[in-house]
Protein chains: 2
Amino acid sequence: MHEEMRRAFSLFSGKWKLEVRRLLNQRIYRFVELRKAISDITQHMLTAQLRELENDSLIWRTVFAEPPRVEYETTPKAIVLGPTMAALATWWSEYGKSVPVKPNPRWRKANSIRKGDGTG
Amino acid sequence: MHEEMRRAFSLFSGKWKLEVRRLLNQRIYRFVELRKAISDITQHMLTAQLRELENDSLIWRTVFAEPPRVEYETTPKAIVLGPTMAALATWWSEYGKSVPVKPNPRWRKANSIRKGDGTG
DNA sequence: CGGAATCCATAGTGATACTG
DNA sequence: CAGTATCACTATGGATTCCG
């Protein structure tokens with residue numbers, strides 16, 4: 001089961017992929033539009049990240065002749081991931097910066113064996 | 001919103017962090033046990049990944065004198081993330097290797113504007 | 001047992017220039 | 001407009017050695 005998690009994670013391991021996914025989940029973008037939307041990214045990196053996302057079938061790439069442009073859009077595969085991504089963002093908002101206090105080891109030992117959470 | 005996703009992702013960006021999280025979400029592990037459970041990891045890397053997870057308050061570290069050992073366990077902060085991680089794994093199982101077919105651009109343009117999915 | 005310190009290989013990222 | 005090609009830099013991962 002953890003192998004799936006690792007692979008799912010790796011699909012978005014690129015520095016800009018999450019941002020690209022978020023944008024394309026809203027509407028179709030042209031290459032230039034993405035560059036403007038992600039102001040800090042270089043042309044080189046944007047191309048690279050888009051290629052990887054495309055190879056993983058997370059986005060579609062369409063070339064148009066007139067007017068000359070390339071459009072990018074999400075695939076259904078990426079769309080269904082939206083709620084999970086939202087959950088991740090919510091988790092960070094709620095717990096991200098929190099620092100839970102460790103209880104005393106002595107009385108914590110008693111009930112230290114937890115059940116699984118479904119991921120293991 | 002995407003900043004939260006990026007930060008949440010970065011907490012588990014280390015090569016072995018997802019595996020450590022999965023193990024510790026089941027029970028408390030000693031350092032040696034983790035090394036045996038994750039057979040390919042080096043002592044150096046295990047220490048490094050554990051330190052980072054600890055600094056992010058995703059795991060707790062407890063030193064015991066007798067018998068000499070160090071125990072690691074998840075924090076509640078990491079526990080609540082379980083279902084989301086499970087969702088990610090499920091997503092990979094269902095869609096991970098799928099390659100959705102891109103419909104013809106011409107009639108696809110008509111309804112190309114989608115609503116948001118909550119992430120962005 | 002559970003580290004720390006050092007060194008090295010590789011992958012990821014980025015700046016720049018050039019092209020169909 | 002949307003790339004490709006180089007090169008440089010940085011982060012990450014890993015092998016090895018030593019330590020309380």
Side-chain angles (χ1 to χ4, degrees), chain A residues 2-3 5-21 23-24 27-56 58-73 102 105 109, chain B residues 2-3 5-21 23-24 27-56 58-73 102 105 109:
Chain A
H2 65 286
E3 186 61 15
M5 273 169 36
R6 214 183 52 74
R7 290 182 184 275
F9 247 75
S10 72
L11 292 188
F12 297 95
S13 63
K15 183 172 180 179
W16 309 94
K17 289 184 182 177
L18 285 173
E19 176 72 352
V20 170
R21 187 213 69 92
L23 289 170
L24 293 190
R27 65 171 175 91
I28 292 181
Y29 273 78
R30 296 174 55 178
F31 187 86
V32 233
E33 292 177 320
L34 284 173
R35 259 184 51 179
K36 268 181 285 188
I38 315 173
S39 54
D40 286 346
I41 202 173
T42 64
Q43 200 176 27
H44 179 79
M45 281 311 298
L46 180 55
T47 300
Q49 304 278 289
L50 287 172
R51 281 292 175 279
E52 293 187 19
L53 289 170
E54 186 191 4
N55 290 336
D56 292 331
L58 293 167
I59 65 175
W60 279 322
R61 177 178 181 272
T62 312
V63 182
F64 294 91
E66 210 57 40
R69 68 193 190 278
V70 176
E71 291 186 353
Y72 292 92
E73 62 187 303
K102 180 173 61 173
K109 293 287 289 183
Chain B
H2 66 286
E3 186 60 15
M5 273 170 36
R6 215 183 52 74
R7 290 183 183 276
F9 246 76
S10 72
L11 292 187
F12 296 97
S13 61
K15 183 172 180 179
W16 309 94
K17 289 185 181 177
L18 285 173
E19 176 71 350
V20 169
R21 188 213 69 90
L23 290 170
L24 294 190
R27 65 171 175 90
I28 291 181
Y29 273 79
R30 295 175 56 179
F31 187 86
V32 234
E33 292 177 320
L34 285 173
R35 258 185 49 180
K36 266 181 287 189
I38 315 174
S39 54
D40 286 345
I41 201 173
T42 64
Q43 199 176 29
H44 179 77
M45 281 312 298
L46 180 54
T47 300
Q49 304 278 289
L50 288 171
R51 281 290 175 281
E52 293 186 18
L53 288 170
E54 186 191 3
N55 289 338
D56 291 332
L58 293 167
I59 65 175
W60 279 323
R61 177 178 182 271
T62 313
V63 181
F64 294 92
E66 211 56 41
R69 68 193 189 280
V70 177
E71 290 185 354
Y72 292 93
E73 62 187 302
K102 179 172 64 172
K109 292 287 290 181

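Protein chains get the first letters and strands the later ones, always in sequence-line order, with residue 1 at the start of each.
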Rounded interatomic separation in angstrom, taking CG from Leu18(B) and P from dG13(D) = 12 Å
Is the backbone N or O of Ser13(A) less than 3.5 Å from a side-chain atom of Ser10(A), with the two atoms forming a donor-acceptor pair by type?
-> no
In whole angstroms, the gap separating C1' of dC1(C) from OH of Tyr29(B) amounts to 18 Å
Examine distances only and state if a side-chain atom of Lys15(A) and a backbone atom of Met45(A) form a donor-acceptor pair shorter than 3.5 Å.
-> no
So, the side chain of Arg21(B) versus the backbone of Glu19(B): is there a donor-acceptor pair under 3.5 Å, distance only?
-> no
Arg27(B) with Glu33(B): basic N within carboxylate O range, under 4.0 Å | yes
Gap between atoms CD1 and P, on Ile59(A) and dA2(D) respectively (whole Å) | 13 Å
Can you tell me how far C1' of dG3(D) sits from CD of Glu33(A), to the nearest Å?
-> 17 Å
For dC1(C), does OP1 or OP2 lie under 4.0 Å from any side-chain N or O of Arg35(B)?
-> no
Integer-rounded Å distance: dG2(C) P and Phe31(B) CZ | 7 Å
dG3(D) phosphate, OP1 or OP2, under 4.0 Å from Tyr72(A) side-chain N/O = yes
Indicate yes or no for a side-chain donor-acceptor contact from Glu54(B) to the backbone of Trp60(B) under 3.5 Å, with no hydrogens or angles considered.
-> no
Spell out, as yes or no, whether a donor-acceptor pair under 3.5 Å connects the side chain of Lys102(A) to the backbone of Ile59(B).
-> no
Could you check how far CD of Glu71(B) sits from C1' of dG3(C), rounded to whole Å?
-> 16 Å
From the options dA2(D), dG3(C), dT4(D), select the nucleotide whose nearest atom is closest to the side chain of Arg69(A).
-> dA2(D)
What does the list of N/O pairs under 3.5 Å between the protein and nucleotides 12-15 of chain C look like, with a distance for each?
| from | atom 1 | to | atom 2 | distance (Å) |
| --- | --- | --- | --- | --- |
| dT13(C) | OP1 | Lys15(A) | N | 2.8 |
| dG14(C) | OP1 | Lys15(A) | NZ | 2.6 |
| dG14(C) | OP2 | Trp16(A) | NE1 | 2.9 |

Expressed in angstrom and rounded to an integer, what is the separation of Arg51(A) atom CZ from dA5(D) atom C1'?
-> 14 Å
Between CD of Glu19(B) and C1' of dG13(D) the distance, given in whole Å, is 17 Å
Out of dG3(D), dG3(C), dC1(D), which has the shortest distance to the side chain of Arg61(B)?
-> dG3(C)
Test item: Gln49(A) side-chain N/O and Trp16(A) main-chain N/O as donor-acceptor pair under 3.5 Å = yes
